[in-house]
Structure formats: structure tokens, C-alpha cells
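Notes to accompany the following structure.
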Amino acid sequence: MIKEDFDIINKNMEILVGKEMRKPIRGGSMLDLGFGDMIKKQTRRFDENKEIVMKMVEVSRYAIHISSTFRFICGYDIIINKDYMFTPSNKYIQENKINEDNYDEEKFNIDWDIKGNNAFDETVDKYFPNNEFKFIVKDAKINRFGDLKIIFENGFTFETFTDLNGDYECWRFFEVGSDKHIVISSVGLDKESIEE
Amino acid sequence: MGGGLGGGFRSNKAMGRKQKGKIPMNNQAQNKQTNDVARELKLTPKQARELHDEVSGEGYGYHEILQIAKDMFDK
């Protein structure tokens, strides 16, 4: 990555310092992290008949969407990583009576995208932000490869790595409603993403 | 290990996850995300930005994101 892009990205990451991160969610297998105050926006939602309707909702002002590998760590533990999205939840394992003896890859080929089927949804629901335990950003920086590290005041650290080939998007940072997005791939900053 | 959180957090191992019971994965093959929708529908960078903005904070599944993108861009 060239120095100019490195500086642009890190300058933007400074916005996150002091901001609170909300509960991590996923859009398909894309990790969606929300930061800062809540803002209102008009958006498409699905009604009870699965039809798209416009609704006013509240979302975090800033977002990071991660397509590449990531992990949340604390102390010596990896709390959650991308692999959890494709790993059956304990609930799924118990309900389907999966064990070491009867495990069959094809038989138990779960649809991980269904909420609750995978370990990511289960772990996030159990352990991530609540009123007593906040995730306030202490520091947020990239290295020269575009790997992002966010350190939280509570001792947790988030890391994502630019591990996708070529110009495939690894992660992006943006303010909701803004047309300028910081988009990072293995080859650096996508200039097109910050064009007007 | 409790991760320094008074035992509130448990590691994968402590939660009883059996690695043998894990679905073998190929990250690229299994990845289904907003960027894949953008590629599938041949969205412009501007449209991709609008799609990311639209789905941000919603927690949709891949097919819902695809449906929303089609609705947004008349695809």
C-alpha cells in the first residue's frame, strides 16, 4: 500500500476513537460493525409477508463491513472469528443429535445463513454488548497491508486481515448516508470508492 | 480461560465445540455477502455503496440482500 493511502485510511479510522461499538451482526457472511450514535434512516425492510416496505429505522452512524477474515480476541482467547459463521451452533448440534460418531458432512450440511444455525449468531447473542459491558474504541489503526486493528477500552481487540486476492474487497468503512466509502482490498485503497 | 472477564466468556473449547463436528469450509466458496450481490448484479461502485448503506445494521441473509438490491436497482 502506498503511504498516501495508508495515511488517508488511518486518518479516517481516527473517527472511531471514543465511539461505542454496537452488537456485531452479519449480512450473509459479511460482518457488520456499527459505531457511534444512532441515527434515523428510511430503509427497506421485509414485512410479515416477506414483501419489501419502506420503514424509518435507527442504525449506528458509522459502519465497517468486513468480507475478509476477522477475529475478536481477549487475553489469550479468540472469542469469535469468521469460521464461526460456518460452524454449527451448539443448539443445532444438540437438536440434530450430532456427535463425533455420527457426523456426516453431507447429512449435516447446514444452511449456515439461517439465523441461529451457526456459532457466530449464537456466540454474539450470548456474549456481546449489553448495558453492563460496553465496547468503546480506544484505538483504531491499519498496518501497511491494510489489516485493521481496533483496540477497545474493555480489553478486547478486533482484527481483520486483507487475505482476499487481487482487488476483491476486504473491508469498508463509511458513515451511513455518505457517498464516500473507504474500501480496502489486498492491493490497497479503492480510489473509485471515494469519488464523488 | 475466562478472558479476564470474571469468567463471563468461554472459549470455543470451553463451550464444548467439537472441531470434528465442524463443517469443513472453503472461505471463498461459502462467502455470500454484499460484494457478491454487487458482482452478481453487476452494480457500479456507486450502486454498491448505496447497497452497503441500505443493508447496514439490518442483519439480513444473503438472499434478502439480493432481493433488496434487485428492488433498489430494478434488476
Side-chain angles (χ1 to χ4, degrees), chain A residues 22 25-30 32 34 43-46 52 57 59-60 63 65 67 69 74-79 82-88 90 93 98-100 103 105 108-110 112-115 119 123 127 133 154-155 164 168-169 172 174 176-181 183 190 192-193 195, chain B residues 1-40 44-73:
Chain A
R22 315 286 166 192
I25 57 174
R26 61 178 180 85
S29 61
M30 178 189 77
D32 182 352
T43 193
R44 288 166 177 77
R45 276 275 175 97
F46 292 91
I52 294 175
V57 299
V59 296
S60 299
H65 289 179
S67 305
T69 306
C74 188
Y76 291 94
D77 281 342
I78 294 173
I79 305 302
K82 181 145 192 168
D83 196 23
Y84 275 52
M85 291 183 183
F86 313 114
T87 302
N90 279 335
I93 289 171
I98 300 172
N99 57 51
E100 286 186 22
Y103 177 68
E105 186 185 337
F108 296 114
N109 190 16
I110 66 164
W112 57 264
D113 202 16
I114 294 174
K115 187 152 178 59
T123 307
Y127 300 125
F133 196 68
N154 62 15
L164 301 175
Y168 197 95
E169 178 179 327
R172 75 170 60 205
F174 61 98
V176 172
S178 164
D179 198 34
K180 286 186 178 178
H181 289 200
V183 180
D190 177 3
E192 212 173 6
S193 66
E195 283 177 357
Chain B
M1 298 181 74
L5 296 166
F9 285 75
R10 289 187 298 159
S11 67
N12 212 17
K13 188 179 172 187
M15 288 175 74
R17 281 194 205 300
K18 297 180 189 308
Q19 289 305 300
K20 212 173 176 180
K22 197 180 74 161
I23 302 293
M25 59 176 284
N26 174 320
N27 237 353
Q28 282 302 291
Q30 296 211 34
N31 270 350
K32 285 188 180 298
Q33 40 208 3
T34 308
N35 300 325
D36 298 309
V37 170
R39 285 191 177 212
E40 188 175 333
T44 65
K46 186 174 189 305
Q47 287 174 325
R49 289 198 291 272
E50 289 169 8
L51 180 60
H52 274 275
D53 201 280
E54 185 73 21
V55 302
S56 191
E58 300 297 330
Y60 292 134
Y62 177 78
H63 294 290
E64 291 171 318
I65 296 172
L66 184 62
Q67 202 176 329
I68 282 172
K70 286 178 176 175
D71 185 71
M72 287 175 76
F73 306 113

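Naming convention: chains lettered A, B, ... in sequence-line order (proteins, then strands); numbering from 1 in each chain. Quick caveat, the model's predicted, so the values are computed rather than measured.
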*Mind running side chain to side chain contact (heavy atoms under 4.5 Å, CB included) on B:Glu58 and A:Arg44 for me, showing each step along the way?*
CA-CA 10 Å; B:Glu58 300 297 330; A:Arg44 288 166 177 77; over 6 Å; no
_Which atoms of B:Glu50 are under 4.5 Å from chain A, going by heavy atoms: the side chain, the backbone, both sets, or neither?_
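Looking at B:Glu50, nothing touches chain A.
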*asked:* Report which part of B:Ile65 has an atom under 4.5 Å of a heavy atom belonging to chain A: side chain, backbone, both, or neither.
replied: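 When you check distances to chain A, only side chain atoms of B:Ile65 fall under 4.5 Å.
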*Just do the side chain to side chain contact (heavy atoms under 4.5 Å, CB included) check on A:Arg45 and B:Tyr60 with the steps written out, would you?*
CA-CA 10 Å; A:Arg45 276 275 175 97; B:Tyr60 292 134; 3.6 Å; yes
*Could you tell me which non-hydrogen atom of B:Glu54 sits nearest to which non-hydrogen atom of A:Thr43, and how far apart they are?*
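Scanning both residues, the minimum pair turns out to be OE2-OG1, 2.8 Å.
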*Do you know which two heavy atoms are closest between B:Asp53 and A:Phe174, and how far apart they sit?*
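Distance-wise, the nearest heavy atoms are CA-CE1, 3.9 Å.
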*Is there a side-chain contact between B:Ser56 and A:Val59, using heavy atoms and a 4.5 Å cut-off?*
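They are not in side-chain contact.
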